[in-house]
Asker: 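Shown below is the structure under consideration.
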Number of protein chains: 2
Amino acid sequence: MTRATYHHGALRQALIDGAREILAERGHEQFSLNEVARRAGVSTAAPYRHFSGKDELLAAVSDQGYATLHEALAGTAASATDVRERLLRMSGAYVRFAHDHPDLFLTMFRGRAVASPVGVESFEVLRQVVVDAQAAALLPAGPSPELMARSIWATLHGLAVLSLRRPHERFGLDESPEDLATGTLTAMFGL
Amino acid sequence: MTRATYHHGALRQALIDGAREILAERGHEQFSLNEVARRAGVSTAAPYRHFSGKDELLAAVSDQGYATLHEALAGTAASATDVRERLLRMSGAYVRFAHDHPDLFLTMFRGRAVASPVGVESFEVLRQVVVDAQAAALLPAGPSPELMARSIWATLHGLAVLSLRRPHERFGLDESPEDLATGTLTAMFGL
DNA sequence: ACCTGAACACCGTTCAAGT
DNA sequence: ACCTGAACACCGTTCAAGT
């Protein structure tokens, strides 16, 4: 039996990939570091050459998740010239990401974990859309863009988290993530 | 050595109390069913007479958490006659609860856990305040109270979850939970 | 009816040893 | 430098046995 030989950090990425697989298959509560090693075909001690432990591997997985989320948000933000459309598409993309990768999303924002610096870029994209929306009188112009952006982030994040639960208490299954997000923002700001 | 003898479900409550202790001391990620049993002075198999397993014990803990949260919300909602004040106090109480009992809060809303029916009562309290706020033109009257209430719930929940992380990315440590909640609602609705 | 004692498979982590 | 093999304490859960 030829066992794969890893070099130059190839095992590191293989472990991250395996972790994402398990996350998608079994969920973040069943996640096991030993199983990640098993899938990569290495001993349970091998991951410790690349990560200080389970938490650091999950942090690396989170970082890649933040990068993927950022692409989705930046992509939708750039996909329209109309400010209202940009705000709504971006909002939909946030909740959509949570629904498409629920356990990755929950891992990224798990408990009291340390926030990723990558998330800052995404916040900046949202902040810029908010600046434009305030200029267009779509959002109240009184509060600072900073405050307004984190208020909207909180709303989207709450929607994402609460709609991931089951049974979907008060958050209909029938609605798509996009409808949930846009419906909420439309209701709050009369867009 | 006299070992406590449990009867009539006394062990059940002792296990729930012990679980809340561990949650407060070590956090929900370090929570261990065996340690709960150890603290109660029983064998690790004993809890299985009262709960089907770890998840069911945590569900029972969550239920008591929902009851405590409900008291806090209903209490603040009744503490003022002014509609605006009621809405803001209730909002502050939600985020305050999360900060005062972070790991209990995270356990209640952990991952994809099943929502507690007890939470429905709390939602009803919020919905009623929203009805009054809409009548007083404090909140937009167009959307249904149901939609408006879950939008606000999502906002408060997002604030709670995100402000629990560390370092408090974009959510200042300096702000009290109450200021965080009222500041956000004030910004969004121009209250 | 309720709890113990002992076991099972599995977990995260450590460390001496191999190559 | 990177990985193995074996061990450690601990985990959730099961089950026959005690009272």
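Atoms considered below: every heavy atom in the structure, side chains included; atoms not considered: hydrogens, waters and symmetry mates.
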Asker: For B:E29 and D:dC11, what is the distance between atoms CD and C1' respectively, to the nearest whole Å?
Answerer: 15 Å
Asker: In terms of the nearest nucleotide of DNA chain C, which residue is placed more toward the 5' end: A:A45 or A:N34?
Answerer: A:N34
Asker: Rounded to whole Å, please give me the gap between OH in B:Y48 and P in D:dT14.
Answerer: 6 Å
Asker: With nearest nucleotides of DNA chain D determined for B:R49 and A:T44 from heavy-atom distances, which residue corresponds to the more 5′ nucleotide?
Answerer: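 On the 5' side of the pair lies A:T44.
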Asker: Checking contacts here: which listed nucleotide (C:dT4, C:dG12, D:dG5) is nearest the side-chain heavy atoms of A:S43?
Answerer: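 Between C:dT4, C:dG12, D:dG5, the one nearest the side chain of A:S43 would be D:dG5.
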Asker: Check the distance between C:dC11's C1' and A:L57's CG and give it to me in whole angstrom.
Answerer: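 Taking CG of A:L57 and C1' of C:dC11, I get 15 Å after rounding.
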Asker: Using purine N1 to pyrimidine N3 plus N6-O4 or O6-N4 for Watson-Crick, or N1-O2 and O6-N3 for G-U wobble, each under 3.5 Å, what pairs with C:dC11?
Answerer: none
Asker: For the pair made of CD in B:E56 and C1' in D:dG12, what is the distance, rounded to whole Å?
Answerer: 14 Å
Asker: Below 4.0 angstrom, N of the basic side chain to O of the carboxylate: do B:R112 and A:E29 qualify?
Answerer: no
Asker: If I take atom NE2 in residue B:H50 and atom C1' in nucleotide C:dC3, what distance separates them, rounded to the nearest angstrom?
Answerer: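 The distance from NE2 of B:H50 to C1' of C:dC3 comes to 9 Å, rounded to the nearest Å.
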Asker: Between B:E25 and B:R39 (salt bridge meaning N to carboxylate O under 4.0 Å), is one present in this structure?
Answerer: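 Salt bridge between B:E25 and B:R39, a charged N being under 4.0 Å from a carboxylate O: yes.
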Asker: Rounded to the nearest angstrom, tell me the gap between atom CG in A:L11 and atom P in D:dA1.
Answerer: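 After rounding, the gap between these two atoms is 17 Å.
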Asker: Quick check on C:dC11: is either OP1 or OP2 less than 4.0 Å from any side-chain nitrogen or oxygen of A:R38?
Answerer: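 Yes.
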Asker: What does D:dT4 pair with, Watson-Crick or G-U, if both distances are under 3.5 Å?
Answerer: C:dA16
Asker: Between B:R96 and B:D100 (salt bridge meaning N to carboxylate O under 4.0 Å), is one present in this structure?
Answerer: yes
Asker: Hey, is the side chain of A:S32 poking within less than 4.0 Å of OP1 or OP2 on C:dC11, counting only N and O atoms?
Answerer: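 Result: yes.
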Asker: Whole-Å distance between C:dC11 P and A:L33 CG?
Answerer: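 It works out to 10 Å between those atoms.
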Asker: Taking NZ, NE, NH1 and NH2 as the nitrogens, is one of them in B:R49 or B:E56 under 4.0 Å from a carboxylate oxygen of the other?
Answerer: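 Not counted as a salt bridge, because no side-chain N and carboxylate O are separated by less than 4.0 Å.
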Asker: Between B:F31 (CZ) and D:dC10 (P), how many Å, whole number?
Answerer: 17 Å
Asker: Flag the pair B:E35 and B:R26 as a salt bridge only when some basic side-chain nitrogen lies within less than 4.0 angstrom of an acidic carboxylate oxygen.
Answerer: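 Yes, B:E35 and B:R26 are salt-bridged.
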